[in-house]
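Working notes, structure below.
Below, each value reflects all heavy atoms present in this structure, side chains not excepted, and no hydrogens, waters or symmetry copies.
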Amino acid sequence: MTQVRVVVTLKPSLLDAQGRVVQDALHSLGYTEVGRVRIGKYLELDLNEEANGDVAARVREMCERLLANPVIEDYHFEVIS
Amino acid sequence: MSAQGTSGRGSGPAVRRGPKFAVIRFPGSNCDQDALHVIRNVLGRPAEYVWHRERDLQGFDVVVLPGGFSYGDYLRTGAVARFAPIMDAVRAHAERGKPVLGICNGFQILCEAHLLPGALVRNTSCRFLCKYVSLRVENADTPFTCAYSEGQVLRIPIAHGEGRYVCDEATLQELEAQRRVLFRYVNARGELTPESNPNGSMGSIAGVANARFNVLGMMPHPERASEKILGSADGRGVFESLVLSAVAVA
């Protein structure tokens, strides 16, 4: 079985409001070495036996169309066979 | 201002002729009944619900995408609703130059569908905000705002967790140059201040139109502010504008 692991994050130019809250919380716990915190989404896609050919191209299309919003988010993924 | 009398048949609750409104219902829509109520019972204009599985908007003049949490806001607000069967018809309706109004979640869906530029992300405060805000009408020369006057300050509630409007710098400049920002968050005196921006939106943008001015997305809820008895009737002008502009076209 092929598995795809996708990570989606807000573009660096955008304020990640949740990330900032976590950063503040880490600081208040004494982890002052922590700089910027970004929160993203992690998706695991299990591909069935139909998945052959250019898996990466298909996954890129999934990311562009649905899994990420390219207006505000970046994504990257890895294909694990 | 009021659209009363434009039909020449006086006011009253009887449903008059005039633009027919479609209120799209997605699983998770929760402002659909408010929108229908205002159009039918306050303005006295015909309105029908249209289920998201439908594919046809024939016979409708105005399409409203109401607020709510379509598809549970899973993945991103509006991300799944954007692919609902009805959205092809909404896109075709917009391409014909007919008005589409997206309120709150409707605005988020229109951005995801690329019928409007930019996107709506989590409020800078990370809080869900449910309160009255002051809005300034920035352009009263559109089908959504012609019942208002430019610079008019409205009191309309917001209710959202993801209402921070963002877009890239080039888009922002284009929106400003083309006067496509129809509503901005201001203070009660109509002044633009950092404190009057509830969610951190770029340019304090509360409502933005497409280049043809027939698609509007706004985070505040005009349908919740259309009757004095409910606290404010300032939002009614959005619906009245749509009626006025439809009458002008016909």
Side-chain angles (χ1 to χ4, degrees), chain A residues 3-29 31 34-48 50-51 55-79, chain B residues 70-84 87-88 91 105 107-129 160-172 174-175 194 197-205 208 210 217:
Chain A
Q3 190 179 67
V4 182
R5 296 175 180 173
V6 185
V7 173
V8 180
T9 47
L10 270 183
K11 283 186 186 294
S13 57
L14 288 175
L15 167 75
D16 181 346
Q18 285 188 94
R20 200 187 50 186
V21 171
V22 173
Q23 181 186 333
D24 291 347
L26 285 170
H27 285 179
S28 66
L29 290 171
Y31 301 104
V34 178
R36 198 164 74 148
V37 177
R38 311 286 290 173
I39 296 183
K41 296 187 186 101
Y42 171 71
L43 300 97
E44 275 180 7
L45 315 178
D46 293 341
L47 305 187
N48 63 26
E50 286 171 48
V55 171
R58 295 272 291 175
V59 174
R60 204 169 298 120
E61 192 180 297
M62 294 177 207
C63 289
E64 295 281 338
R65 291 185 70 195
L66 177 65
L67 304 182
N69 178 351
V71 175
I72 48 168
E73 292 169 326
D74 293 327
Y75 64 86
H76 62 89
F77 61 86
E78 54 180 339
V79 180
Chain B
S70 56
Y71 297 91
D73 279 352
Y74 297 150
L75 196 61
R76 292 179 308 280
T77 57
V80 181
R82 174 219 166 164
F83 293 104
M87 287 307 291
D88 285 338
R91 182 180 302 279
N105 188 223
F107 186 7
Q108 294 162 339
I109 296 168
L110 289 174
C111 286
E112 281 284 339
H114 304 305
L115 286 167
L116 288 173
L120 294 140
V121 297
R122 192 169 296 250
N123 301 340
T124 42
S125 64
C126 286
R127 292 201 186 125
F128 187 95
L129 300 170
H160 60 246
E162 282 101 349
R164 173 164 48 115
Y165 183 77
V166 296
C167 61
D168 60 50
E169 196 55 43
T171 304
L172 186 63
E174 192 178 285
L175 294 176
N197 184 348
N199 51 29
S201 289
M202 282 182 177
S204 291
I205 291 173
V208 75
N210 66 342

Cross-interface N/O pairs, chain A with chain B, donor-acceptor, under 3.5 angstrom:
from: Leu15(A); atom 1: O; to: Arg164(B); atom 2: NH1; distance (Å): 3.2
from: Leu15(A); atom 1: O; to: Arg164(B); atom 2: NH2; distance (Å): 2.9
from: Arg20(A); atom 1: NH2; to: Thr124(B); atom 2: O; distance (Å): 3.1
from: Lys41(A); atom 1: NZ; to: Leu75(B); atom 2: O; distance (Å): 2.8
from: Arg65(A); atom 1: O; to: Arg82(B); atom 2: NH1; distance (Å): 3.3
from: Leu66(A); atom 1: O; to: Arg76(B); atom 2: NH1; distance (Å): 3.0
from: Leu66(A); atom 1: O; to: Arg76(B); atom 2: NH2; distance (Å): 2.9
from: Leu67(A); atom 1: O; to: Arg76(B); atom 2: NH1; distance (Å): 3.1
from: Asn69(A); atom 1: ND2; to: Glu112(B); atom 2: OE2; distance (Å): 3.3

Query raised in the report: Between Leu15(A) and chain B, which part of the residue has a heavy atom less than 4.5 Å away: side chain, backbone, both or neither?
Result: both

Query raised in the report: Mind checking whether Leu43(A) and Leu75(B) have side chains closer than 4.5 Å, heavy atoms only?
Result: yes

Query raised in the report: side-chain contact (heavy atoms from CB on, under 4.5 Å) with Ala25(A): which residues, sequence neighbours excluded?
Result: none

